[in-house]
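Keep in mind it's a predicted model, so treat the numbers as computed, not measured.
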2 protein chains.
Amino acid sequence: MAAKPSGAQGDRPRRLRASPQSAPPQSAPPQSASPESAPPESGSSESLEGPRTEPSLSLDRIVAAAVELLDTRGVDGLKMRQLADRLGAGAMSLYWHVENKEMVFDLALDSVLAYRGPPQKAESRDWRGEVFHMLEDWRASMLRHPWSASLLPRRALGPNILSRLELLSNTLSRAGVADADLNAAIWSLWNYVIGATVTRASFVLSDEDRSVAQQRLTGLGEHYPTIERSRLLLDDDWDGAFRKGLDFLLDGLAPRS
Amino acid sequence: MAAKPSGAQGDRPRRLRASPQSAPPQSAPPQSASPESAPPESGSSESLEGPRTEPSLSLDRIVAAAVELLDTRGVDGLKMRQLADRLGAGAMSLYWHVENKEMVFDLALDSVLAYRGPPQKAESRDWRGEVFHMLEDWRASMLRHPWSASLLPRRALGPNILSRLELLSNTLSRAGVADADLNAAIWSLWNYVIGATVTRASFVLSDEDRSVAQQRLTGLGEHYPTIERSRLLLDDDWDGAFRKGLDFLLDGLAPRS
DNA sequence: ACCTGAACACCGTTCAAGT
DNA sequence: ACCTGAACACCGTTCAAGT
């Protein structure tokens, strides 16, 4: 479906660091500074010159700081000036490394989506368990960075998310999903995970908020009898609901055998 | 699940128009100026004074203009100054009618989500057809206003969307979905529709964009063999994919009989 | 090659004031 | 009750310079 792998957004004329997205996603982690990766290897090429107190600006450092800022301040809380400040750099220094704020979003987003693979050895015959694990891990990764889910559907697709889709596709294919159904199956799961995660990350309400919401619904009870009775807005078990719905969907997807 | 019907956002201290969301959603349409509604009844109370050339500001007019602006300019294109300008009002006049920009978003969003009901008479026994129609209509309403889908999960739930959820819940319940599964079923469908629509509204690429994307994927083919072969990113049939996935999900949801 | 401050063209919102 | 312009405290980004 009309999605766009990053790097495809037309040639940008001006100064631009070598795009890390063009590196193969498997071999070396594109952003080693990603909080999802192993501890950043701070040692650069030469360690002869002693410790750098203020390592100069780099894409990796920028991306890592952006993720931190996004985690604490949210999507609207990421300001270019503040990001530079955090890095001990002058206000406008970022613009030598990145094209614009959009690019910061793209890089931060994909850096958060690295997948480590299933816990046990590969080639399990339990395709359903594998898919379940992949999607729960995907959701968990995004919930660890609540700004990421809402960004994902509207940004270029980076190497990490493409790898996840590749693995998902491969697994479903091996499980026996017909080629003609494969894309529809993948997008169904994509839709479900994105919808669930965006919703869960967005509706963050205190207990009081929620009880006020339900009270309000009760007040209007005559208009919403069914969802009032089922306490739709009070339901708290996000994880359980996610798994239950995923079960429904996988039941429907399962190749009839 | 922890969602919040609008109006529950705590008492605001300052000037504030009587919230139209508190009106029952069924009886009278909350925003008669909504583009989803019948032609706006421009005649106010007294028609004795002749035609007003410049009808004074009102919540309805503001909401209608906001929807127009959002449709043409997108989420980031809605500016309070420009909105006032469109209404022939002074720059800051809006703030007497609305609390802030957030409130404009909430009202515009719900105004776009009115549901007219199924085409034929009620009480059909075809629950699956009913659900299908409701969800396709919901998606279509949001795609007519591409900014709406991404806004829905993070805003207060207005009367129109609550009505849709109520009807959906009621239909599923009548169809035989167990009470214990009801909320999970509703949120599954919500997740699917939101994910599908947000994605479809966001990935708007030209044909050239898409072929560039696929070419790029082919270039990296060794890393993404499966999705490269299935042409995941080239697939164009959004409507078909939506229906197919919905079929999968409803298969899983269908009460075993 | 890499970084910088000043400046530009915007924003949402407050406020004191008008009718 | 309803509307207004000026002003405040911000933004992202450009630009001409610095080293």
For DNA chain C, produce a single dot-bracket line, 5' to 3'. Pairs: Watson-Crick or G-U wobble, both distances under 3.5 Å. Symbols: ( ) within strand, [ ] crossing, | other strand, . unpaired. ||.|||||...|||||.||
Taking atom [atom2] of [N] as reference, at what distance in whole Å does atom [atom1] of [X] sit?
X	N	atom1	atom2	answer
A:M92	C:dC8	CE	P	15 Å
A:K79	C:dG12	NZ	P	13 Å
B:L57	D:dC3	CG	C1'	9 Å
A:I62	C:dC2	CD1	P	12 Å
B:L69	C:dC11	CG	P	11 Å
B:Y95	D:dC3	OH	P	15 Å
B:W96	D:dC2	CH2	P	4 Å
B:N100	C:dG12	CG	P	11 Å

Distance-minimising heavy-atom pair for A:L87 and A:A65: CD2-CB, 3.7 Å
Closest to the A:K101 side chain, choosing from C:dG12, D:dG12, C:dT13: D:dG12
From the list D:dC3, C:dT13, D:dT13, which nucleotide is the closest neighbour of the side chain of B:S93? D:dC3
Within the 4.5 Å heavy-atom criterion, are B:W190 and B:L168 side-chain neighbours or not? no
Can you check whether A:R164 reaches A:D137 side chain to side chain, under 4.5 Å on heavy atoms? yes
Is a side-chain donor or acceptor of A:D110 paired with a backbone partner of A:I161 at a separation under 3.5 angstrom? yes
Could you tell me whether B:L78 contacts a base, only the sugar-phosphate backbone, or nothing, with contacts defined as non-hydrogen atoms closer than 4.0 Å? sugar-phosphate
Classify B:M80 by what it touches in the nucleic acid, base, sugar-phosphate, or nothing, heavy-atom distance under 4.0 Å. sugar-phosphate
Partner of B:W138 under side-chain contact (heavy atoms from CB on, under 4.5 Å), picked from B:L143, B:I194, B:L189, is B:I194
If I pick the P atom on D:dA17 and the same atom on C:dC2, what distance separates them, to the nearest angstrom? 22 Å
For DNA chain C, whose closest nucleotide is more 5', that of A:R81 or that of A:G90? A:G90
Would you tell me if any nitrogen or oxygen in the side chain of A:H97 comes within less than 4.0 Å of OP1 or OP2 on C:dA1? no
Establish, yes or no, whether the cationic atom of B:R200 lies under 6.0 Å from the six-membered ring centre of B:F242 and within 45° of the ring axis. no
Apply salt bridge (Lys or Arg N to Asp or Glu O under 4.0 Å) to B:R154 and list each qualifying residue two or more places apart in sequence or on a separate chain. none
